[in-house]
Number of protein chains: 2
Amino acid sequence: MKQREQSLLVMKSTLSRLPLYYGYLGRLMQDGVPFVSSSVIADSLNLNPVLVRKDLAGVSSVPGRPRQGFEVAQLYHDLEEFLGYNSKDEAVLVGVGNLGRLLLTTKSFERLGLNIVTAFDKDENLHGLKINDKMIFPVEKMTNLIPRLNVKIGIIAVPEDQAQTVCDQLVASGILAIWNFAFTPLDVPKGILVKNENLAMSLANLSMQLRNKLLYENNNLESHQ
Amino acid sequence: MKQREQSLLVMKSTLSRLPLYYGYLGRLMQDGVPFVSSSVIADSLNLNPVLVRKDLAGVSSVPGRPRQGFEVAQLYHDLEEFLGYNSKDEAVLVGVGNLGRLLLTTKSFERLGLNIVTAFDKDENLHGLKINDKMIFPVEKMTNLIPRLNVKIGIIAVPEDQAQTVCDQLVASGILAIWNFAFTPLDVPKGILVKNENLAMSLANLSMQLRNKLLYENNNLESHQ
DNA sequence: TAGATTGTTAATCGATTAACAATC
DNA sequence: TAGATTGTTAATCGATTAACAATC
């Protein structure tokens, strides 16, 4: 019913903004800016300054200074630490199709602390191949191999109809967190984390908003340009 | 048409759940289930039944019937209509790298109402090529071609450092909604819709949650300084 | 000091959940 | 009718914003 074990320092919504701050701070670093205030950050990212201050309060190891704001390098470092971008998360990938290949080869993910150690696919033409130095194994090896690798994050990039099966195998192999790119929700035992990367949702969202907007504007044609 | 009124009844958060209902209803259809109640939907998707009823109230053209629930086929159709999955949204893609190729070739997007009509890239080796029947043009042609195609959605799948430039060109070409896959927020004029597909955020989210969980389970260490 | 910017407490806003009457 | 399930109104919860005192 009620979860008492809330993260004390940082709200869930905060977490989704931290990578934004991280990116922005990174750009300031490059430009050699030494200090930045919450209101400057807020302006640049279209947020409320109080919100920024609250978010940062839970992350920064050093409080911001009145009249100066936050030290860019320090804050950048703290964000990096907090987000785990410096300590690599090891993960296994299941499904080496277009999307899987993308995840295997995109450098940005490595920078963000994601290290895919191994991939699995059921296509035997791929078995034994390496993509970006990562070996591809048959899916049958999953339950045998994953526990030995001691990896805790699994990425599902297989078609919808295979997602649940793969998910079950990952869980059986000791995986604790699943990044799911299949367009279907997964059934998992309690305690297993699932993050659904639902592009359908995003797309629906954008397309809906656009239609609403166009409709609205059509209804107000008398307004001038 | 009462579409506009309908839309206004639906909360922003509702919108993010509709594709979930749509997917679930689709599976019920396949199984030949004629009726479904809000509580069954809620159970399957881990939601509150009242929330489901509220969401559906804004979408369904026919109210649910006491003792029976909702007619699956009808509701499925209404969701499809509402989400615009039957009426294709035309879009242009900029950036034919790994991700761009994925978007061009993945069938699911077509099913979800996204129709990419043309792609742009700066690599001249790609110019004139077709991927999944979509022609690739030089980016220089954007401002000339897009207005003539009368397309209103643009997809940005270029590297971070080119995202803003591309964005500006899209806006100049009359694009009203942007689906941004670059890991950087975009500066756009008021009135232009932007949906950021920030995988970094999702990943940070999942990795954070996992670390919290492991920490909590291990001992509740105080790692703040 | 004076002024900018911080962090905290209180008020507001929006979304979810609870309670319940209506209905087939 | 009796019971399941609906849709609505009220209460609760969580996140954001406003107000403001503290501080360098």
Side-chain angles (χ1 to χ4, degrees), chain A residues 1-18 20-21 24-25 28 33-72 74-75 78 201 205 208-209 212, chain B residues 2 5-18 20-21 24-25 28 33-72 74-75 78-79 201 205 208-209 224:
Chain A
M1 313 273 271
K2 214 151 240 183
Q3 297 143 278
R4 276 295 141 115
E5 41 158 317
Q6 286 280 356
S7 179
L8 304 167
L9 301 166
V10 171
M11 286 185 291
K12 237 170 66 183
S13 52
T14 293
L15 196 52
S16 68
R17 287 186 294 268
L18 295 184
L20 242 51
Y21 302 139
Y24 180 67
L25 272 279
L28 292 184
V33 179
F35 285 92
V36 66
S37 74
S38 58
S39 47
V40 168
I41 299 179
D43 274 0
S44 309
L45 299 173
N46 274 316
L47 298 169
N48 182 303
V50 181
L51 191 59
V52 173
R53 255 172 275 150
K54 269 200 162 159
D55 287 344
L56 296 182
V59 173
S60 181
S61 59
V62 176
R65 299 188 216 154
R67 300 221 352 117
Q68 283 186 92
F70 296 83
E71 206 213 316
V72 172
Q74 176 68 59
L75 189 53
D78 288 335
M201 247 183 211
N205 216 299
M208 259 281 328
Q209 283 184 63
N212 269 351
Chain B
K2 57 167 117 170
E5 282 159 24
Q6 271 189 346
S7 320
L8 294 180
L9 289 177
V10 173
M11 288 182 291
K12 238 168 65 182
S13 51
T14 293
L15 195 54
S16 68
R17 287 185 296 267
L18 295 184
L20 242 51
Y21 301 140
Y24 180 68
L25 273 278
L28 292 183
V33 179
F35 286 91
V36 66
S37 74
S38 57
S39 46
V40 168
I41 299 178
D43 274 0
S44 309
L45 300 174
N46 275 315
L47 298 169
N48 182 302
V50 180
L51 190 59
V52 174
R53 256 172 273 149
K54 267 200 163 157
D55 286 343
L56 296 181
V59 172
S60 180
S61 59
V62 175
R65 298 187 217 155
R67 303 230 338 127
Q68 284 185 91
F70 296 84
E71 206 213 318
V72 172
Q74 176 68 60
L75 189 53
D78 287 336
L79 278 165
M201 248 182 211
N205 218 298
M208 258 283 327
Q209 281 184 64
H224 190 64

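So you know, we letter chains A, B, ... as the sequences are listed, proteins then strands, and number each from 1. Computed from a predicted model, the values in this text were never measured in an experiment.
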Take atom CD of A:Q68 and atom P of C:dG3, then tell me their distance rounded to the nearest Å. 18 Å
For a quick check of understanding: with a heavy-atom distance under 4.0 Å over all strands, which category does A:P63 fall into, base, sugar-phosphate or nothing? sugar-phosphate
Take atom CG of A:L15 and atom P of D:dG14, then tell me their distance rounded to the nearest Å. 17 Å
Shortest non-hydrogen separation from B:F35 to B:R65 and the atoms involved: CZ-NH1, 4.0 Å
Selected nucleotide, minimal atom distance to B:R53 side chain, candidates C:dT16, D:dT17, D:dG7: D:dG7
Does C:dT6 have OP1 or OP2 under 4.0 Å away from a side-chain N or O of A:S38? yes
Whole angstroms only, please: what is the CZ-C1' distance between A:R67 and C:dA4? 6 Å
For residues A:S44 and A:Y24, report the shortest heavy-atom separation together with the two atoms involved. OG-OH, 2.9 Å
B:Q74 and B:S61: side-chain donor and acceptor closer than 3.5 Å? yes
Closest to side chain of A:S13, choosing from C:dT16, D:dA15, D:dT17: D:dA15
Given atom CE of B:M11 and atom P of D:dT8, what is their separation to the nearest angstrom? 13 Å
Could you summarise the pairing of DNA chain C as dot-bracket text, marking Watson-Crick and G-U pairs under 3.5 Å with ( ) or [ ] inside the strand and | across strands? ..||||||||||||||||||||||
Of all the nucleotides listed (D:dT16, C:dT5, D:dT17), which has the minimum atom distance to the side chain of A:V50? D:dT17
What's A:T14 touching, base or sugar-phosphate or nothing? Going by heavy atoms closer than 4.0 Å. nothing
Per the atom types in the model, does the base of C:dT6 pair as donor or acceptor with the side chain of A:K54 at under 3.5 Å? no
Between atom CG of A:D78 and atom CG of A:L18, what is the distance when rounded to the nearest 0.5 Å? 11.0 Å
Starting from C1' on C:dA4, measure out to CZ on A:F70 and report it in whole angstrom. 14 Å
In whole angstrom, give the distance that lies between atom CG of B:L56 and atom C1' of D:dT6. 11 Å
What I'd like to find out is whether the side chain of A:L47 reaches to under 4.5 Å of the side chain of A:Y21, using heavy atoms alone. yes
Taking CG from B:L51 and P from D:dT12, how many angstroms apart are they, rounded to a whole number? 19 Å
Where is the tightest heavy-atom contact between B:P49 and B:S39, given as atom of each residue plus distance? CB-CA, 4.0 Å
Value rounded to 0.5 Å, distance of CZ in B:R17 from CG in B:L45: 10.5 Å
Taking atom P of C:dC24 as reference, at what distance in whole Å does atom CD of B:E71 sit? 16 Å
Specify the residue among A:N48 and B:G64 whose closest nucleotide of DNA chain D lies further upstream toward the 5′ end. B:G64
